[in-house]
**Student:** 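Could you have a look at this structure, given as structure tokens, before my questions?
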Amino acid sequence: MDKARRRRLILAAGASATGAGLAGGFWWWRRGRFGEPLTPPEPPLPPDPAFPNALRLPGRDGLYGVLEGQAAITIVARPVRYPLFGDKSANLLAYEVDHRGGTYLNPVFRARTGSAFNAKFWNTLEDPGIIHWHGFKVDSNNDGHPHYAVAGGKTYEYQFVIPNRAGTYWYHPHPHGLSGQQIYRGMAGLFIVEDEEELALQRALDLRLGATDIPLIVQDKRLDADGNPVFAPTGTERFQGYLGDQVLVNLTPRPHLDVASRVYRFRLLNGSNARIYRLAFRHAERLIDFTVIGTDGGLLDRPRTVKEAYLSPAERLDILLDLRYAARGEAVTLVSLPFDSMPLHKPAGQAPQRADAPLSEPDALSADGAEIELMRIRVRDRVTYGRTVPLELSKLEPLQHAGSRPRPITLDQRKGTWRINGLTYVGHQTPIVVKRGAIETWEIRNLPPTMPHPFHIHGFLFQVLSRSGSPEQVRRIADAATGLTVADLGWKDTVLVWPGETVRIVTDFSHPYLGDQVYMVHCHNMEHEDGGMMLNLKVAT
Ligand code: C2O
Ligand code: CU
Ligand code: CU
């Protein structure tokens, strides 16, 4: 018997020792890599009418099937029919991969740092398409910049060595003006990168993808009666961002997850077009602690225990939830707490001025900042879990930024068009040029009247140095000295900049590729991005 197997049997024995009771007295279970219980499952819990649907999990194939990143594959962008609700088939757009007899939809790619990734993208949609590997430090040929979008019927070859440290990255469409629509209609998936440090953590906490290490892709959508996503933004919604009236997790409406009394890892991705979440876990009427272990670009230096965190579009949060002390049947709800989404903020104390674009009248269902229950987690199996979270997760060296003046970046709007540094996207222009190898500090200011903007850089990860001028709801949970919240820590590729804020970030623009590289910076509110709140970024040799 191998060691790991013996350990699991010990865990299982522990479960029976707690007196949880094993139906029948004879049982067996096998080690499944995905989605299978750690112990013989106890009888099902009664259905919860508020959360009737089992959360969709990464498995062997199908939706979010896990694909080990070594094989050469073809990723087909195509319309699919998928039963989002019951047996009604919805029309979605998805990435489909056929591999070794399995069909994967929006596969979860999983690969080691430094391994080769070869994939052919085949766009069978009528519209142009291209895949962007969000967070990957690849060369511009492999970045999925809208320049490289291919017409319907055409293909594009990706070939790169995965340069990133372990982390939860993702991929999504990036054809100019259409990214928001394609993501909204279903195209988005995860790319999980692993390295030695990450594998050690998985061993230490006994984490298995799809079973106790669970990705949660949070996306709000408007669905019609058959579950078809309806993407039809009005002028106002193109300006503010398109919100859904319900929130799906892993494309599951009103999901529940039945768990064991142990520590779970959740890798949260905000895959929404525009909605920001203020995440928390509620037990009875109280908020319970959770532990943040990583952000966009992987593990933090050490775990941080908090009660809430904002997550804006494209950001990731890697967390642990400790359910060791929960009794069978106890439930915890993942919620988004209410907050002021500052839809078109004017500085306090100033007479309200006419906005350049009209404000919508947000109704209770579609308002950003509304309180939402996202998912219910219910403890079904009592087990013994003797692992402890390591005090140190990783070594993070702060980037040494030179004494030079920071580069100013402004976010604002004029006549209903969002801009970066007073500009909007023009394909052949590269308004931001940095020198390869430079370590630059950027000072990003979000100028009122404005709204929150998740600011994203392609091709590099950065560190957030400070946040100032923050609204009260952010200051309240921020570190007094730096102004940073937990979602700002570690390596980031997207940072939320609230109205009136100044956020300083530092980026090391070193890369190993030959010649000039053209990436981009943009707001990850997809309607803002598609509307041109996006600039080319050239890294010049
Ligand atoms: Cu998810 Cu251009 O980004
Ligand atoms: Cu990106
Ligand atoms: Cu924006």
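We count residues from 1, following the sequence as given.
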**Student:** If you measure from CG on Leu317 to CG on Leu268, what distance do you get to the nearest 0.5 Å?
**Tutor:** 6.0 Å
**Student:** Just by distance, do the side chain of Asn446 and the backbone of Gly500 share a donor-acceptor pair under 3.5 Å?
**Tutor:**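 Side chain of Asn446 to backbone of Gly500: no pair is present.
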**Student:** With a 4.5 Å limit on heavy-atom distance, are the side chains of Leu537 and His458 in contact?
**Tutor:** no
**Student:** Would you find a donor on one side and an acceptor on the other, under 3.5 Å apart, between the side chain of Gln219 and the backbone of Leu269?
**Tutor:** no
**Student:** Would you call the rings of His99 and Tyr104 parallel, tilted or perpendicular, where under 30° means parallel and over 60° means perpendicular?
**Tutor:** tilted
**Student:** So, do His522 and His528 have ring centers that fall under 6.0 Å from each other?
**Tutor:**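 Distance test on ring centres: not under 6.0 Å, no.
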**Student:** Tell me whether Asn123 contacts the main-chain N or O of Val150 through its side chain, where contact means a donor paired with an acceptor under 3.5 Å.
**Tutor:** yes
**Student:** In chain order, what residues pass the side-chain hydrogen bond (donor to acceptor under 3.5 Å, both in side chains) check against Glu194, with sequence neighbours excluded?
**Tutor:**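 Scan of Glu194 (side-chain hydrogen bond (donor to acceptor under 3.5 Å, both in side chains), adjacent residues dropped) gives Gln202.
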**Student:** Suppose we screen for side-chain contact (heavy atoms from CB on, under 4.5 Å). Which residues come up paired with His145, at least two apart in sequence or across chains?
**Tutor:**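 Checked His145 against side-chain contact (heavy atoms from CB on, under 4.5 Å); matches are Asp143, His147, Tyr148, Tyr425, Val518, Met520, Asn536.
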**Student:** Do Asn91 and Arg81 come within less than 4.5 Å of each other through their side chains, counting heavy atoms only?
**Tutor:**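 Yes. Closest side-chain heavy atoms under 4.5 Å.
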**Student:** Table please: side-chain donor-acceptor pairs of residues 152-159 below 3.5 Å, with sequence neighbours left out.
**Tutor:**
| from | atom 1 | to | atom 2 | distance (Å) |
| --- | --- | --- | --- | --- |
| Tyr156 | OH | Asn141 | O | 2.5 |
| Tyr158 | OH | Ile131 | N | 2.9 |
| Tyr158 | OH | Ile131 | O | 2.6 |

**Student:** Has Asp488 got a side-chain atom pairing as donor or acceptor with Thr485's backbone, closer than 3.5 angstrom?
**Tutor:**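 Yes, Asp488 side chain to Thr485 backbone: donor-acceptor pair under 3.5 Å.
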**Student:** So do the side chains of Glu315 and Thr295 get within less than 4.5 Å of each other, counting heavy atoms only?
**Tutor:** no
**Student:** Within the side chain of Tyr64, is there an N or O that forms a donor-acceptor pair under 3.5 Å with the backbone of Gly59?
**Tutor:** no
**Student:** Return the CG to OG1 distance between Leu374 and Thr252, rounded to the nearest 0.5 Å.
**Tutor:**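 So the CG of Leu374 and the OG1 of Thr252 are separated by 12.0 Å.
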**Student:** Taking the six-membered ring for Trp, are His524 and Trp170 closer than 6.0 Å centroid to centroid?
**Tutor:**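 Ring centres of Trp170 and His524 closer than 6.0 Å.
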**Student:** Test Tyr171 against every option in Phe191, Phe121, Trp133, Phe117 by the ring-ring contact (aromatic ring centres under 6.0 Å, His included) rule and name the one that passes.
**Tutor:** Trp133
**Student:** Within the supplied structure, the quantity of interest is the number of heavy atoms (other residues, nucleotides, ligands) at a distance under 6.0 Å from Arg185 CZ; does it exceed 12?
**Tutor:**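 No, because the 6.0 Å sphere around CZ of Arg185 holds 12 heavy atoms or fewer from other groups.
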**Student:** Go through the steps for Arg267 and Leu190 under the test side chain to side chain contact (heavy atoms under 4.5 Å, CB included), then give the verdict.
**Tutor:** CA-CA 10 Å; Arg267 302 175 186 249; Leu190 292 173; 5.8 Å; no
**Student:** For Thr424, what residues pass the side-chain contact (heavy atoms from CB on, under 4.5 Å) criterion, not counting sequence neighbours?
**Tutor:** Thr417, Arg419
**Student:** Quick one: closest heavy-atom pair of Leu423 and Pro431, and the distance?
**Tutor:**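 Nearest heavy atoms, Leu423 then Pro431: CD1-CB, 3.6 Å.
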**Student:** Are the side chains of Phe239 and Pro343 in touch, meaning some heavy atoms are under 4.5 Å apart?
**Tutor:** no
**Student:** Hey, mind stepping through Leu461 and Asn164 against side chain to side chain contact (heavy atoms under 4.5 Å, CB included) and telling me if it holds?
**Tutor:** CA-CA 9 Å; Leu461 291 147; Asn164 288 59; 3.5 Å; yes
**Student:** For side chain to side chain contact (heavy atoms under 4.5 Å, CB included), just list the numbers for Ile505 and Lys492, CA-CA rounded to whole Å, side-chain angles, deciding distance to a tenth of an Å, and then say yes or no.
**Tutor:** CA-CA 9 Å; Ile505 63 172; Lys492 296 284 294 173; over 6 Å; no
**Student:** I want to check something: taking the side chain as every heavy atom from C-beta on, are Tyr184 and Pro229 in contact at a cut-off of under 4.5 Å?
**Tutor:** yes
**Student:** Would you mind reporting whether Pro215 and Thr168 have side-chain heavy atoms less than 4.5 Å apart?
**Tutor:**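 Counting from C-beta outward, Thr168 and Pro215 never come under 4.5 Å.
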**Student:** Within the distance-only criterion (no hydrogens, no angle test), does the side chain of Arg222 pair as donor or acceptor with the backbone N or O of Phe231 below 3.5 angstrom?
**Tutor:** no
**Student:** Indicate yes or no: does Asp479 engage Arg467 in a salt bridge with an N to O separation below 4.0 Å.
**Tutor:**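 So Asp479 does not pair with Arg467 through a salt bridge.
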**Student:** In Å, rounded to the nearest 0.5 Å, how long is the span from CG of Leu201 to CZ of Arg265?
**Tutor:**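 One finds 5.5 Å between CG of Leu201 and CZ of Arg265.
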**Student:** With sequence neighbours excluded, give me every salt bridge (charged side-chain N to carboxylate O under 4.0 Å, His left out) pair touching residues 522-535.
**Tutor:**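 As it turns out, there is no salt bridge (charged side-chain N to carboxylate O under 4.0 Å, His left out) pair with a partner in residues 522-535 once direct neighbours are skipped.
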**Student:** To the nearest 0.5 Å, what is the distance between CG (Leu93) and CG (Leu105)?
**Tutor:**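 Spacing of CG (Leu93) from CG (Leu105) equals 11.5 Å.
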**Student:** Might you work through the salt bridge (Lys or Arg N to Asp or Glu O under 4.0 Å) test for Asp493 and Arg316, ending with a clear yes or no?
**Tutor:** CA-CA 9 Å; Asp493 56 49; Arg316 284 87 74 205; 2.7 Å; yes
**Student:** Would you please name every residue forming a side-chain hydrogen bond (donor to acceptor under 3.5 Å, both in side chains) with Ser394, sequence neighbours left out?
**Tutor:** Arg165, Glu197
**Student:** So, does Asp61 use its side chain to make a donor-acceptor pair with the main chain of Gly65 at under 3.5 Å?
**Tutor:** no
**Student:** Give me each pair satisfying side-chain hydrogen bond (donor to acceptor under 3.5 Å, both in side chains) with a member in residues 505-519, each pair once, sequence neighbours excluded.
**Tutor:**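 Listed once each, the pairs are Ser140-Gln517, Asp508-Ser510, Asp516-Thr541.
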**Student:** Would you call Arg110 and Glu198 a salt bridge, using N to O less than 4.0 angstrom?
**Tutor:**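 Salt bridge flag = no for Glu198 with Arg110.
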**Student:** Quick one: are Leu125 and Pro79 in side-chain contact, heavy atoms under 4.5 Å?
**Tutor:** yes
**Student:** Measure the CD-CE distance between Gln413 and Met533 for me, rounded to the nearest 0.5 Å.
**Tutor:** 9.5 Å
**Student:** Does the side chain of Thr450 reach to within under 4.5 Å of the side chain of Pro499, using non-hydrogen atoms?
**Tutor:**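 In short, these two side chains touch, coming nearer than 4.5 Å.
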**Student:** So, using side-chain contact (heavy atoms from CB on, under 4.5 Å) as the criterion, who are the partners of Arg407 when residues are at least two apart?
**Tutor:** Ile409, Ile432, Val434, Glu440, Trp442
**Student:** Test of understanding: with side-chain hydrogen bond (donor to acceptor under 3.5 Å, both in side chains), list the residues that count as partners of Asn270, not counting sequence neighbours.
**Tutor:** Ser272
**Student:** Given side chain to side chain contact (heavy atoms under 4.5 Å, CB included), test Val218 with Leu311 step by step and report yes or no.
**Tutor:** CA-CA 10 Å; Val218 181; Leu311 195 67; 5.7 Å; no
**Student:** So, for Glu501 and Leu496, which heavy atoms are closest and what is the spacing to 0.1 Å?
**Tutor:**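 Taking every non-hydrogen atom into account, OE1-O, 3.9 Å.
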**Student:** When you measure from the side chain of Arg275 to the backbone of Asn273, do you find a donor-acceptor pair of N or O atoms at a distance under 3.5 Å?
**Tutor:**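 Here the side-chain-to-backbone pair does not exist.
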**Student:** If every non-hydrogen atom of Arg436 is compared with every non-hydrogen atom of Val539, which pair is closest and at what distance?
**Tutor:** CA-CG1, 3.6 Å
**Student:** Which residues satisfy the side-chain contact (heavy atoms from CB on, under 4.5 Å) test with Thr103, sequence neighbours excluded?
**Tutor:**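 Only Glu96, Asp98 meet the side-chain contact (heavy atoms from CB on, under 4.5 Å) criterion with Thr103.
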**Student:** The criterion is side-chain hydrogen bond (donor to acceptor under 3.5 Å, both in side chains); which residues satisfy it with Arg304, sequence neighbours excluded?
**Tutor:** Asp301
**Student:** Side chain of Gln182, backbone of Pro128: donor and acceptor closer than 3.5 Å?
**Tutor:**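 Here the side-chain-to-backbone pair exists.
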**Student:** About how many Å separate CZ of Phe109 and CG of Asn106, when rounded to the nearest 0.5 Å?
**Tutor:**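 Interatomic distance, Asn106 CG to Phe109 CZ, rounded to 0.5 Å: 9.5 Å.
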**Student:** Test of understanding: with salt bridge (Lys or Arg N to Asp or Glu O under 4.0 Å), list the residues that count as partners of Glu196, not counting sequence neighbours.
**Tutor:**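 Only Arg112 meet the salt bridge (Lys or Arg N to Asp or Glu O under 4.0 Å) criterion with Glu196.
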